[in-house]
2 protein chains.
Amino acid sequence: MSRSLAAEDEPPVLDYETGAAAAPAEHAAELRLWLRLLTCSTMIEGEIRRRLRERFDVTLPRFDLMAQLDRTPDGLTLSELSQRMMVSNGNVTGLVERLVESGHLSRRKAAHDRRSHLVALTPQGRRAFRAMAVEHEAWIADFFGDLAPGEIDGLMALLGKAKASTRRAVAAPADANDREENP
Amino acid sequence: MSRSLAAEDEPPVLDYETGAAAAPAEHAAELRLWLRLLTCSTMIEGEIRRRLRERFDVTLPRFDLMAQLDRTPDGLTLSELSQRMMVSNGNVTGLVERLVESGHLSRRKAAHDRRSHLVALTPQGRRAFRAMAVEHEAWIADFFGDLAPGEIDGLMALLGKAKASTRRAVAAPADANDREENP
DNA sequence: CCTGAATATTTGAAGCTTAAAACAAACCGA
DNA sequence: TCGGTTTGTTTTAAGCTTCAAATATTCAGG
């Protein structure tokens, strides 16, 4: 759970800057949007985490890692895993270690490149993941259960725009520095 | 960064269940929506984290905590903080400890309740936060910079529905158990 | 073939995060 | 007022996460 300014409303509505003497409250709408986006993903993620622990005694990062491997019979390298999961390499190293330990994953040297290792689900790991995935999908469907199909599509589309916009902003930050360096 | 199934598309498009022999792929749209939502918040959060570290040498959780206190001259209790930040009590204990240590926060016993403590920004802490908040707001505005005002409003509204729906689902899980116990 | 740059992974330090157990203080109904 | 419950906080153990440094291997030119 957690992360950035959270608790976007519910108790006393926050929006955290209104009324702060030194703050411009210029882009208030964008700020509120970010807080709401964060609230949604934090709520959902926290509940998934809770249910995975309760029902399957598994952590979310491990479930995520297994999900990446479920469709990859031949396995993935650690680098591929870290890219797809959007986490650091060192993080994946530890997760894989624990999942190999518990018998869910196998790990072998890659044939073509002696630096890399291929990681794959064991039959046991695959069985365990499939069982979890079925329930997981039902949970997600329930979370969004009050949205009409059109609303789901609308959200997808708008989030697609937000994603593209963020990608652009991350690639080309709007800093003072940047403006000077790249006119 | 990180969290649940991530890497929603970009490299080989994932959606992680299509084609998996044992999986129904019933609520595929909801699943894709969740992955996209997660991708958006993960990207934004990761970039904010990176910039906060780079520009101000501060972590995101500390920034979040200070944000909660910025509008509260009299301070908040640890419980109030943990509720608003949506993290555990023990988590807040440690964060506050480190921020008191660094001089950003003061901490005193509450007058009315001998169990609780009030935490507030020190003048130094407030100054530091305000400086960060100004840039932070500009970053967020930039992330959403390619969205038209109407699109921002539309996203807000749809995310509001998603939030309400999730809240309902979390409060009343659609389990087999539940159906039996609460007919 | 040799060298320097890029890539794949591991390691270590620091910090974040949670769940659960333990206390202490406050509250509340009989 | 007593005793049970709730609430505020801390502590602990375990795990997650990142960044940066260290290794090992591959790759690309010359």
Side-chain angles (χ1 to χ4, degrees), chain A residues 1-4 6 42 45-66 75-102 104-105 107-119, chain B residues 1-4 6 42 45-55 57-66 75-102 104 107-119:
Chain A
M1 207 105 36
S2 102
R3 271 168 309 293
S4 211
T42 300
E45 184 187 318
E47 184 68 7
I48 292 174
R49 188 186 301 275
R50 208 184 60 68
R51 293 185 186 187
L52 282 177
R53 177 188 304 265
E54 183 175 285
R55 288 275 300 131
F56 302 108
D57 193 34
V58 80
T59 65
L60 184 51
R62 292 181 197 196
F63 176 80
D64 287 352
L65 196 153
M66 288 191 275
L76 294 171
T77 67
L78 297 188
S79 289
E80 287 170 329
L81 271 173
S82 88
Q83 279 172 29
R84 298 190 187 206
M85 297 176 70
M86 302 199 278
V87 300
S88 67
N89 278 342
N91 193 348
V92 172
T93 296
L95 282 170
V96 165
E97 188 179 303
R98 286 182 284 267
L99 281 165
V100 168
E101 166 73 21
S102 66
H104 294 89
L105 260 56
R107 180 189 170 133
R108 63 186 193 285
K109 288 191 168 68
H112 52 295
D113 188 332
R114 270 182 301 174
R115 291 170 301 180
S116 51
H117 293 254
L118 281 175
V119 176
Chain B
M1 204 100 42
S2 100
R3 272 168 309 291
S4 211
T42 299
E45 184 187 318
E47 184 67 8
I48 292 174
R49 189 186 300 276
R50 208 183 60 68
R51 293 184 186 188
L52 281 177
R53 176 188 303 266
E54 183 175 286
R55 288 276 298 131
D57 193 34
V58 79
T59 65
L60 185 51
R62 292 181 197 194
F63 177 79
D64 287 353
L65 196 153
M66 288 191 276
L76 294 170
T77 67
L78 298 187
S79 289
E80 288 169 329
L81 271 173
S82 88
Q83 279 173 29
R84 297 191 188 204
M85 296 177 70
M86 300 198 280
V87 301
S88 67
N89 278 342
N91 193 348
V92 171
T93 297
L95 282 170
V96 165
E97 188 179 304
R98 287 182 284 269
L99 281 166
V100 168
E101 165 74 22
S102 65
H104 293 90
R107 179 189 170 133
R108 63 187 193 284
K109 289 192 167 69
H112 52 294
D113 189 332
R114 269 182 301 173
R115 290 170 302 179
S116 51
H117 294 254
L118 281 175
V119 176

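Naming: A, B, ... by sequence-line order, numbering from 1 per chain.
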A.B. asks: Which pair of non-hydrogen atoms, one from B/Ser82 and one from B/Ser88, has the smallest distance, and what is that distance?
C.D. replies: CB-O, 3.9 Å
A.B. asks: Looking at D/dC16, I'd like to know if its phosphate oxygens (OP1 or OP2) sit under 4.0 Å from a side-chain N or O belonging to A/Arg62.
C.D. replies: yes
A.B. asks: Could you work out, with side chain to side chain donor-acceptor pair (under 3.5 Å) as the rule, every residue matching A/Arg50, not counting sequence neighbours?
C.D. replies: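 With neighbours one apart ignored, the set is A/Glu47, A/Glu54.
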A.B. asks: Have a look at B/Ser116 and say if it touches a base, only the backbone sugar-phosphate, or nothing, with a 4.0 Å heavy-atom cut-off.
C.D. replies: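 If one applies the 4.0 Å heavy-atom cut-off, B/Ser116 turns out to touch the sugar-phosphate alone, with no base involved.
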A.B. asks: Could you work out which one of D/dC16, C/dT9, D/dG8 sits closest to the side chain of B/Ser79?
C.D. replies: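 My answer, after comparing the listed nucleotides, is D/dG8.
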A.B. asks: Return the minimal non-hydrogen interatomic distance between B/Leu95 and B/Pro61, and the atom names on each side.
C.D. replies: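 So the two residues come closest at CD2-CB, 3.8 Å.
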A.B. asks: Whole Å only: how far is the CZ atom of A/Arg98 from the C1' atom of C/dT11?
C.D. replies: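 Taking atom C1' of C/dT11 as the reference, CZ of A/Arg98 is at 14 Å.
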A.B. asks: Expressed as a whole number of angstroms, how long is the span from B/Leu60:CG to D/dC19:C1'?
C.D. replies: 16 Å
A.B. asks: Would you indicate what A/Thr93 reaches in the nucleic acid, counting non-hydrogen atoms under 4.0 angstrom: base, sugar-phosphate, or nothing?
C.D. replies: base
A.B. asks: Once you round to the nearest 0.5 Å, how far does CE of B/Met85 lie from CG of B/Asp64?
C.D. replies: 5.0 Å
A.B. asks: Nearest to the A/Asn89 side chain among D/dT18, C/dT9, C/dC16, which nucleotide is it?
C.D. replies: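 Nearest nucleotide to the side chain: C/dT9.
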A.B. asks: Are OP1 or OP2 of D/dT26 and a side-chain N or O of A/Arg114 less than 4.0 angstrom apart?
C.D. replies: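 It does, given that an N or O in the side chain of A/Arg114 lies less than 4.0 Å from OP1 or OP2 of D/dT26.
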A.B. asks: With no hydrogens and no angle check, is any side-chain donor or acceptor of B/Gln83 less than 3.5 Å from a backbone partner on B/Glu80?
C.D. replies: no
A.B. asks: Using atom CG of A/Leu95 as one end and atom C1' of D/dG15 as the other, report the distance to the nearest whole Å.
C.D. replies: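 These atoms are roughly 9 Å apart.
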A.B. asks: Assign each of B/Thr59 and A/Arg50 to its nearest nucleotide of DNA chain C by heavy atoms, then name whichever residue's nucleotide is nearer the 5' end.
C.D. replies: B/Thr59
A.B. asks: Could you pull out all residues at least two apart from A/Thr93 that satisfy side chain to side chain donor-acceptor pair (under 3.5 Å)?
C.D. replies: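 A/Thr93: no side chain to side chain donor-acceptor pair (under 3.5 Å) contacts found.
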A.B. asks: Just the rounded figure in Å: distance from P of D/dC16 to CG of A/Leu99.
C.D. replies: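 Result: 8 Å.
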A.B. asks: Could you tell me the separation between the CG atom of B/Asp113 and the P atom of D/dT6, rounded to a whole number of Å?
C.D. replies: 17 Å
A.B. asks: Let me know the distance between NE2 of A/His112 and C1' of D/dC27, rounded to the nearest Å.
C.D. replies: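 Spelled out: NE2 on A/His112 to C1' on D/dC27 is 14 Å.
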A.B. asks: Polar atoms only, N or O, under 3.5 Å: list the protein pairs with nucleotides 21-24 of chain C and their distances.
C.D. replies:
none

A.B. asks: Rounding to an integer number of Å, can you tell me how far A/Leu65 CG sits from D/dT17 C1'?
C.D. replies: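 The distance from CG of A/Leu65 to C1' of D/dT17 comes to 14 Å, rounded to the nearest Å.
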A.B. asks: Rounding to a whole Å, what distance do you find between A/Leu78:CG and D/dT23:P?
C.D. replies: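 These atoms are roughly 20 Å apart.
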A.B. asks: Check whether any side-chain N or O of A/Asn91 sits under 4.0 Å from OP1 or OP2 of D/dT18, and answer yes or no.
C.D. replies: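 It does, given that an N or O in the side chain of A/Asn91 lies less than 4.0 Å from OP1 or OP2 of D/dT18.
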A.B. asks: So A/Leu81 and A/Val96, do their side chains get closer than 4.5 Å, heavy atoms only?
C.D. replies: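 Yes, their side chains come closer than 4.5 Å.
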